**Q** 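After the structure tokens below, expect a handful of questions from me.
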Amino acid sequence: MIDNAKKHIVKIVQESIGKIYSISDLPVSVERTRDEKFGDFSTNAAMMHAHKLKESPMSIGEKLCKDINKSLSKDLFIDKVELVKPGFINFYINKRFWIDVFREIALAKENYGRNNTGEGKKILVEFVGSNPTGPLNVVSARAASIGDSLCNILSFNGYDVKREFYVNDAGEQVTTFVRSLIARYKQIYNPDFKFPEDGYHGDYVKDMAKELDKIYKGKKSLLDKIDDDVWNRCRSFYLSKILGDQQRDVEDFGVKFDNWFREKTLHVEKINNAWIKLKKLGFTYPKDGALWFKSTEFGDDEDRVLVKKNGVPTYFLADIAYHLDKFNRGFDEAIDFMGPDHHAHIARLKMAMKALGIDEKWLDIFIVQQVNLMRSGEKIKMSKRAGKFETMRDLVSEVGKDAARFFFLMRTQSSHLDFDLDLAKEKSSKNPVYYIQYAHARICNILKHAEKEKIDTEKIDKVNTELINKPEEIELAKTLAGFEDICRVSAITYEPHRIAGYLLKLAGIFHNFYNKHRVVTENKELTNARLLIIMSTKIVLANGLELLGISAPEKMQNREKEWPNMILE
RNA sequence: GCGCCAGUAGCUCAGUUGGAUAGAGCAUCUGCCUUCUAAGCAGAGGGCCGGGGGUUCGAAUCCCUCCUGGCGUACCA
């Protein structure tokens, strides 16, 4: 809708330039204005082309305005054209154009905002991805929110999206964990048994050891000797346990992965294929008993090891193989979200992709930055190794799924986040997630009320929209019309937080409208027109919340009224 | 040392990719419930966009440089 308006204006301006300067197809950009006093749309064409046309911006603008004004009486869209200070040409759009959006939304319903920007491109989004060494933490929760929401947004914009979770179940940390588990097990019978220094200290390892003990009680096999069989049993016991927990954490958070990819499945064949490919291309060499990748040829400070002296492939090589596998699965694009400790790794992985001849644009990697949990204005310290850390599960049970997701989605993913636990728990207007949900619930309540009054909400597309003319109503229309744009932009920039910001703004504009104007009144015609307004607002709020993975409640629980102490005194 | 992220109101952050007088929320202050939910609304104050240079009609945004904070810089993952 807005796109059409822009195209319409571009055409007008270009035609005018053609008439006056005999130059055709000069690029003209039209943007929505930031402020109403500059009209609805604006073009900087006069300033952009001042140099080329060898004339001052104001002078060009004056001629263009004059010419455009001549044919304005025939234009149904545009009310007024104006030239302002440095050389902006501002267009004022007829209110009827904006009001049409209500009907458009009411008809499109849950598909309003959906578009085909992605053109069905197959895209794989990898996020959360963890070491199976403990419960998922708050950074994982942040990644889950962002990744999942981005996937929603991408499919809304016409991409064919798959969600993937990468399980690092083949590295050193798995060995360390098994050692920790066995040590805890032994400590049940022999408290003096030494716990490995680099082991995992969390209490959940002790709990796991107790469970293991239940299974093996009486056999004592674990206490006597640790052979391969015992080792593997411990390994698979703990992996299925931890992965089960992680899977549940993520599902309870409302995220469904299409695929849980196990690193183990890359060993040995796919990893071998990856390095053989690199070798054939001449990017590897042996040194000191290890196999190296010539990353310096791609700007790295030093070359990196692919296969260690002991013959075990590095995480780096495994990840190359993993991404090669993604590529071979036929995705047009791949997006990774990684933790803040992966900086150096990301650059190298991209170098390896380049070495393999994969287009740089194929893979985008973003870092989900760290999260500081704040309570009463103080940072809560986190340390995974020391076993003291905030888990995703704890966070969600404390503040709820909706608040957690929204707080993670309010901010750009690349910046560090202070998560205010007190605010997230607060059930008041201070809490932005309630603010938006409340707007939705309020609308639902009015609609319910309208039903009671026996006002027909079914034939709403026949309402008399001529009655819509209050500034708050027009502002609502303009804001609702911007939803498509926001959806598109947040998809192409991979930035879900734009949706969150938009919904906050929309909720505010609605609350303002609500306070100024009654919807259900004696005037049936007006009531119908206003019902149309709130119905379309509800649709956009619901669609936006859906993209964020946050519920759109029909009603909010009434907060108890606080009686002022004054009365009692 | 090098690399990445950041530096915008007292606090936490936006800023539609270079536009016009830089915006929200929290906190502070002032008003508004006999009404479709006050979990709401209206209004006020609060700024050297870290500093300095450059690019141009125009810079919070792009380039250079310096300062400050966080993280990374393994034959760990």
Side-chain angles (χ1 to χ4, degrees), chain A residues 31-35 37-38 42 44 46-48 50-51 56-58 84-88 90 130-131 133 168 170-174 176 198 263 288-292 301-302 304-310 312-316 318-319 339-347 367 369-370 372 374 377 410-412 414-420 423 426-432 434-435 437-439 441-450 452-453 482 485-486 489-490 493 495 497-498 500-502 504-505 507-508 511-516 518-521 530 534 555-559 561:
Chain A
E31 294 302 323
R32 272 192 87 169
T33 54
R34 220 189 58 233
D35 198 308
K37 60 194 160 208
F38 301 129
S42 138
N44 56 8
M47 292 178 289
M48 285 292 285
H51 195 71
S56 80
M58 286 303 275
V84 185
K85 259 196 315 190
F88 288 102
N90 296 333
S130 77
N131 287 335
T133 53
N168 300 125
E172 209 59 48
Q173 77 285 1
V174 173
T176 306
D198 60 346
E263 184 189 339
D288 304 334
L291 184 76
W292 296 70
D301 299 335
E302 47 190 302
R304 305 291 164 176
V305 171
L306 294 171
V307 181
K308 295 182 252 181
K309 219 187 302 188
N310 63 6
V312 178
T314 58
Y315 168 75
F316 178 41
D319 217 26
D341 48 340
H342 282 67
H343 274 303
H345 175 71
I346 289 169
I367 287 183
Q369 276 294 353
Q370 62 191 70
N372 294 317
M374 309 288 284
M410 269 196 307
R411 304 277 141 81
T412 48
S414 59
S415 64
H416 298 202
L417 172 73
D418 282 353
F419 192 108
D420 187 338
L423 182 61
E426 177 134 355
K427 300 198 169 184
S428 79
S429 61
K430 289 177 199 168
N431 189 339
Y434 284 94
Y435 186 74
Q437 291 181 319
Y438 184 48
R442 253 184 167 170
I443 293 171
C444 292
N445 202 53
I446 302 170
L447 292 174
K448 219 178 289 165
H449 180 80
K452 265 187 246 161
E453 306 284 309
D485 238 31
I486 293 286
V489 172
S490 63
T493 57
E495 290 176 336
H497 79 276
R498 287 170 193 271
Y502 169 83
L504 229 31
K505 183 176 148 203
H511 285 309
N512 181 22
F513 161 82
Y514 174 90
N515 271 271
K516 282 228 172 79
R518 272 192 75 84
V519 174
V520 181
T521 58
R530 295 226 164 117
I534 66 164
K555 63 178 170 195
M556 305 290 270
Q557 222 171 5
N558 242 325
R559 194 168 64 155
K561 277 210 170 171

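Worth saying up front: this structure is predicted, and the values here are computed from it rather than measured. By convention in this document, chain letters (A, B, ...) are assigned in the order of the sequence lines, proteins followed by strands, and residues within each chain are numbered from 1.
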**Q** Kindly express the pairing pattern of RNA chain B in dot-bracket notation, using | wherever a base pairs with another strand and counting only Watson-Crick or G-U pairs under 3.5 Å.
**A** (((((((..((((.....[...)))).(((((.......))))).....(((((..]....))))))))))))....
**Q** Leu423(A) has an atom CG; how far is it from atom C1' of rA24(B), in whole Å?
**A**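 Going from Leu423(A) (CG) to rA24(B) (C1'), I get 14 Å.
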**Q** Over how many whole Å does the gap from His343(A) atom NE2 to rA77(B) atom C1' extend?
**A**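 My rounded result for the distance is 16 Å.
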**Q** Determine the Euclidean distance between corresponding C1' atoms of rG47(B) and rA60(B); express it in Å to zero decimal places.
**A**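 So the two C1' atoms sit 12 Å from each other.
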**Q** Go nucleotide by nucleotide along RNA chain B from the 5' end; which of Val519(A) and Glu263(A) gets its closest nucleotide reached first?
**A**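 With Val519(A) and Glu263(A) compared, the 5'-side residue is Val519(A).
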**Q** Look at Tyr315(A) and rC75(B) and indicate whether a side-chain polar atom (N or O) is within less than 4.0 Å of OP1 or OP2.
**A**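 So the side chain of Tyr315(A) is outside the cut-off, no N or O lying under 4.0 Å from OP1 or OP2 of rC75(B).
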**Q** Could you give the CG-to-C1' distance, from Asn131(A) to rA77(B), as a whole number of Å?
**A**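 To the nearest whole Å, that distance equals 5 Å.
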**Q** Which way is the base of rC32(B) turned, syn or anti, if we draw the line at 90° from 0?
**A**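 The base of rC32(B) is oriented anti (glycosidic angle more than 90° from 0).
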**Q** Just to be sure I understand the rule, does Ala290(A) reach a base, reach only the sugar-phosphate, or reach nothing, if contact means heavy atoms closer than 4.0 Å?
**A**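 Result for Ala290(A) = base.
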**Q** Taking the side chain as every heavy atom from C-beta outward, state whether Val305(A) and Phe316(A) have any pair of such atoms under 4.5 Å apart.
**A**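 No, their side chains stay 4.5 Å or more apart.
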**Q** Looking at Tyr434(A), does any N or O in its side chain come under 4.0 Å of the phosphate oxygens OP1/OP2 on rG25(B)?
**A**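 For rG25(B), OP1/OP2 do not have a side-chain N/O of Tyr434(A) under 4.0 Å.
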**Q** Could you state the CZ-P distance from Arg518(A) to rA38(B), rounded to the nearest angstrom?
**A**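 Atom CZ in Arg518(A) sits about 11 Å away from atom P in rA38(B).
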**Q** Which value, in whole Å, describes the distance between the P atoms of nucleotides rU73(B) and rC57(B)?
**A**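 These two P atoms come out 46 Å apart once rounded.
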**Q** Considering just the side-chain nitrogens and oxygens of Lys309(A), establish if one lies under 4.0 Å of OP1 or OP2 belonging to rA74(B).
**A**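 For Lys309(A), the contact criterion (side-chain N or O under 4.0 Å from OP1 or OP2 of rA74(B)) is not met.
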**Q** Between Thr314(A) and Leu306(A), is there a donor-acceptor pair closer than 3.5 Å when you use the side chain of the first and the backbone of the second?
**A**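 Indeed, once roles are kept as given, a pair shorter than 3.5 Å links the two residues.
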**Q** Would you give a per-nucleotide map of nucleotides 16-21 of chain B, 5' to 3', where B means the base has a protein non-hydrogen atom under 4.0 Å away, S means only the sugar-phosphate does, and - means neither?
**A** BB-BBB
**Q** For the pair made of CD in Glu302(A) and P in rG1(B), what is the distance, rounded to whole Å?
**A**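 After rounding, the reported distance stands at 18 Å.
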**Q** For rG72(B) and rA9(B), measure between their C1' atoms and round to the nearest Å.
**A**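 So the two C1' atoms sit 32 Å from each other.
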**Q** Quantified in whole Å, what is the C1' atom distance between nucleotide rC49(B) and nucleotide rC32(B)?
**A**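 Those two atoms are separated by 35 Å.
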**Q** Sequence neighbours left out, what passes side chain to side chain donor-acceptor pair (under 3.5 Å) with Arg304(A)? Give chain and number order.
**A**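 Partners of Arg304(A) by the side chain to side chain donor-acceptor pair (under 3.5 Å) criterion, ordered by chain and then number, come out as Asp300(A).
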**Q** What are the two closest heavy atoms between Met58(A) and Pro86(A), and how far apart are they?
**A**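 That closest heavy-atom pairing would be SD-C, 4.0 Å.
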**Q** Tell me, please, which residues at least two apart from Phe419(A) pass ring pair (Phe, Tyr, Trp, His ring centres under 6.0 Å).
**A**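 Scan of Phe419(A) (ring pair (Phe, Tyr, Trp, His ring centres under 6.0 Å), adjacent residues dropped) gives Phe407(A), Phe408(A).
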**Q** I'd like to check the salt bridge (charged side-chain N to carboxylate O under 4.0 Å, His left out) partners of Lys37(A); sequence neighbours left out, ordered by chain and number.
**A**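 Partners of Lys37(A) by the salt bridge (charged side-chain N to carboxylate O under 4.0 Å, His left out) criterion, ordered by chain and then number, come out as Asp35(A).
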**Q** Can you name the side chain to side chain contact (heavy atoms under 4.5 Å, CB included) partners of Asp418(A), sequence neighbours left out?
**A**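 Asp418(A) satisfies side chain to side chain contact (heavy atoms under 4.5 Å, CB included) with Asn372(A), Met374(A) once adjacent residues are dropped.
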**Q** Tell me, do Glu172(A) and Tyr315(A) make a side-chain contact under 4.5 Å, heavy atoms counted?
**A**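 No, side chains not in contact.
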**Q** In chain order, what residues pass the side chain to side chain contact (heavy atoms under 4.5 Å, CB included) check against Ser414(A), with sequence neighbours excluded?
**A**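 Partners of Ser414(A) by the side chain to side chain contact (heavy atoms under 4.5 Å, CB included) criterion, ordered by chain and then number, come out as Thr412(A).
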**Q** How far does the C1' atom of rG31(B) sit from the matching atom of rG70(B), given to the nearest Å?
**A**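 Comparing C1' positions in rG31(B) and rG70(B) gives a spacing of 44 Å.
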**Q** Give me the distance, rounded to whole Å, that separates rG51(B) from rG7(B) when you measure between the C1' atoms they each carry.
**A**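 Their C1' atoms lie roughly 12 Å apart.
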**Q** Using a 4.0 Å heavy-atom cut-off, write out nucleotides 6-13 of chain B from 5' to 3' as B (base contacted by protein), S (sugar-phosphate only) or - (no contact).
**A** S-----SS
**Q** If you measure from the C1' atom in rA59(B) to the same atom in rG52(B), how many Å do you get, rounded?
**A**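 It comes out at 15 Å once rounded to the nearest Å.
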**Q** State which of rC71(B), rA74(B), rC41(B) makes the closest approach to the side chain of Arg304(A).
**A**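 The closest nucleotide is rA74(B).
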**Q** Report yes if some heavy atom in the side chain of Ile446(A) is under 4.5 Å from a heavy atom in the side chain of Tyr514(A); otherwise report no.
**A**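 Heavy-atom side-chain distance check passes, below 4.5 Å.
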**Q** Please enumerate all residues that pass ring pair (Phe, Tyr, Trp, His ring centres under 6.0 Å) together with Phe513(A), with sequence neighbours excluded.
**A**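 Listed in chain order: His517(A).
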**Q** Excluding sequence neighbours, so at least two apart, what forms ring pair (Phe, Tyr, Trp, His ring centres under 6.0 Å) with His497(A)?
**A**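 Counting only residues at least two positions away or on another chain, His497(A) forms no ring pair (Phe, Tyr, Trp, His ring centres under 6.0 Å).
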**Q** Could you tell me whether rU12(B) is syn or anti, where syn means a glycosidic angle within 90 degrees of zero?
**A**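 Here the answer is anti: the torsion falls beyond 90° from 0.
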**Q** To the nearest Å, how far apart are His449(A) NE2 and rC36(B) C1'?
**A**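 After rounding, the gap between these two atoms is 5 Å.
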**Q** Please report, rounded to the nearest Å, how far the C1' atom of rC36(B) is from the CZ atom of Phe513(A).
**A**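 It is 11 Å, rounded to the nearest whole Å.
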**Q** Can you list everything that forms a side chain to side chain contact (heavy atoms under 4.5 Å, CB included) with Asp288(A)? Sequence neighbours excluded, please.
**A**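 Asp288(A): no side chain to side chain contact (heavy atoms under 4.5 Å, CB included) contacts found.
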**Q** Nearest-Å distance, CD1 (Ile346(A)) to P (rC5(B))?
**A**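 The distance from CD1 of Ile346(A) to P of rC5(B) comes to 10 Å, rounded to the nearest Å.
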**Q** Tell me which of Gln369(A) and Trp292(A) sits closer to the 5' end of RNA chain B, going by the nucleotide each one is nearest to.
**A**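 The answer here is Gln369(A).
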**Q** Using the P atom on both, measure rU8(B) against rU17(B) and round to a whole Å.
**A**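 After rounding to an integer number of Å, I get 23 Å for this pair.
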**Q** Mind checking what makes side chain to side chain contact (heavy atoms under 4.5 Å, CB included) contact with His51(A), not counting sequence neighbours?
**A**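 In terms of side chain to side chain contact (heavy atoms under 4.5 Å, CB included), with neighbours along the sequence ignored, His51(A) is linked to no residue.
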